[in-house]
Peer 1: 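Dumping the structure here so I can ask a few things about it.
Chain letters run A, B, ... following the sequence lines, proteins first, then strands; residues in each count from 1.
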Amino acid sequence: DAGVTQSPTHLIKTRGQQVTLRCSPKSGHDTVSWYQQALGQGPQFIFQYYEEEERQRGNFPDRFSGHQFPNYSSELNVNALLLGDSALYLCASSSTGRREKLFFGSGTQLSVL
Amino acid sequence: AQSVTQLGSHVSVSEGALVLLRCNYSSSVPPYLFWYVQYPNQGLQLLLKYTTGATLVKGINGFEAEFKKSETSFHLTKPSAHMSDAAEYFCAVSPSGAGSYQLTFGKGTKLSVIP
């Protein structure tokens, strides 16, 4: 049984560009959350998707947007990249009724030059 | 609003010694509490969690933590450190009950184990 898979594993972009990160949840999970982990910091909650809608959002600007597809996979989009967006982006999945039990992927390391 | 404070960004212990990683939280509602471990270039793995019931929680790899409401603490312990325990550890809190389980993490404590 595959766990949470994220792609790509590494990405290099320049300021002002746009980026799309992808996540496939663990089998049987229907809820996807995204976190940003800056170097030396704990992960920060970006948003959560369930039933193809954004359900909760952390303190992130509108440049950060997402999508969930009918197969429960998800995308994170970041527009107008800033140097400060350089971070490890983690996807976590969970299931209805057990949303406190998150399974994390290995993340996408985004570098903005 | 919730917050997590992990005392000590870096802790070193000798192999076989007691591991104690400290976590204090602030929450306006009864919390759920978690400890996660992160190995280099990997995602987060759940060590243990407190939701309701017994306040002493046992997790994987011999770790345990005790929820102390009066002290707003959820310290992580392991009686005897092993070299494979070297990693970064994160304490996290979320509001209890039905909801989004949006986690608020501390800044992490890097554990080094000295042979």
Peer 1: Looking at chain A, which one of T104(B), V4(B), L44(B) has the largest number of heavy-atom pairs inside 4.5 Å, strictly under?
Peer 2: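 Looking at each of T104(B), V4(B), L44(B) in turn, L44(B) comes out on top.
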Peer 1: Inspect the surroundings of CZ in R63(A) and state if more than 12 heavy atoms from other residues, nucleotides or ligands are less than 6.0 Å away.
Peer 2: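 More than 12 heavy atoms, drawn from other residues, nucleotides or ligands, come within 6.0 Å of this atom.
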Peer 1: Between Q44(A) and chain B, which part of the residue has a heavy atom less than 4.5 Å away: side chain, backbone, both or neither?
Peer 2: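 For Q44(A), neither part sits under 4.5 Å from chain B.
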Peer 1: Would you mind checking which part of Q38(B) comes under 4.5 Å of any heavy atom in chain A, side chain (CB onward), backbone (N, CA, C, O), both or neither?
Peer 2: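 Contact with chain A involves the side chain of Q38(B) alone.
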Peer 1: Take a 6.0 Å sphere around NZ of K13(A) and say whether it holds more than 12 heavy atoms from other residues, nucleotides or ligands.
Peer 2: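 Yes, NZ of K13(A) has more than 12 neighbouring heavy atoms, counting only those of other groups under 6.0 Å.
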Peer 1: Evaluate the ring pair (Phe, Tyr, Trp, His ring centres under 6.0 Å) criterion for residues F45(A) and F105(B): first the C-alpha distance (whole Å), next the side-chain angles of each, then the deciding distance (0.1 Å), finally the verdict.
Peer 2: CA-CA 9 Å; F45(A) 176 77; F105(B) 285 87; over 10 Å; no
Peer 1: With rounding to the nearest 0.5 angstrom, report the CD to OH distance, Q102(B) to Y35(A).
Peer 2: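 Between atom CD of Q102(B) and atom OH of Y35(A) there are 6.5 Å.
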Peer 1: Is the OH atom of Y72(A) crowded by more than 12 outside heavy atoms at less than 6.0 Å?
Peer 2: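 At most 12 heavy atoms, drawn from other residues, nucleotides or ligands, come within 6.0 Å of this atom.
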Peer 1: For L39(A), does the CG atom have more than 12 heavy-atom neighbours from other residues, nucleotides or ligands under 6.0 Å away?
Peer 2: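 Atom CG in L39(A) is not crowded, with 12 or fewer foreign heavy atoms closer than 6.0 Å.
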Peer 1: For a side-chain contact (heavy atoms from CB on, under 4.5 Å) check, start with the C-alpha distance between F34(B) and L102(A), then their side-chain angles and the critical distance, and finish with the verdict.
Peer 2: CA-CA 10 Å; F34(B) 307 81; L102(A) 293 178; over 6 Å; no
Peer 1: Set out, in order, the CA-CA distance, both residues' side-chain angles and the distance that settles side-chain contact (heavy atoms from CB on, under 4.5 Å) for F90(B) and Q37(A), then state yes or no.
Peer 2: CA-CA 12 Å; F90(B) 293 94; Q37(A) 186 177 15; 3.3 Å; yes
Peer 1: Using the salt bridge (charged side-chain N to carboxylate O under 4.0 Å, His left out) criterion, which residues pair with E52(A)? Sequence neighbours excluded.
Peer 2: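 Scan of E52(A) (salt bridge (charged side-chain N to carboxylate O under 4.0 Å, His left out), adjacent residues dropped) gives none.
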Peer 1: Report yes if the distance between the aromatic ring centroids of Y36(B) and F104(A) is under 6.0 Å, otherwise no.
Peer 2: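 Centroid separation for Y36(B) and F104(A): below 6.0 Å.
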Peer 1: Could you tell me whether N59(A) atom CG has more than 12 heavy atoms of other residues or ligands within 6.0 Å of it?
Peer 2: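 Not more than 12 within 6.0 Å, no.
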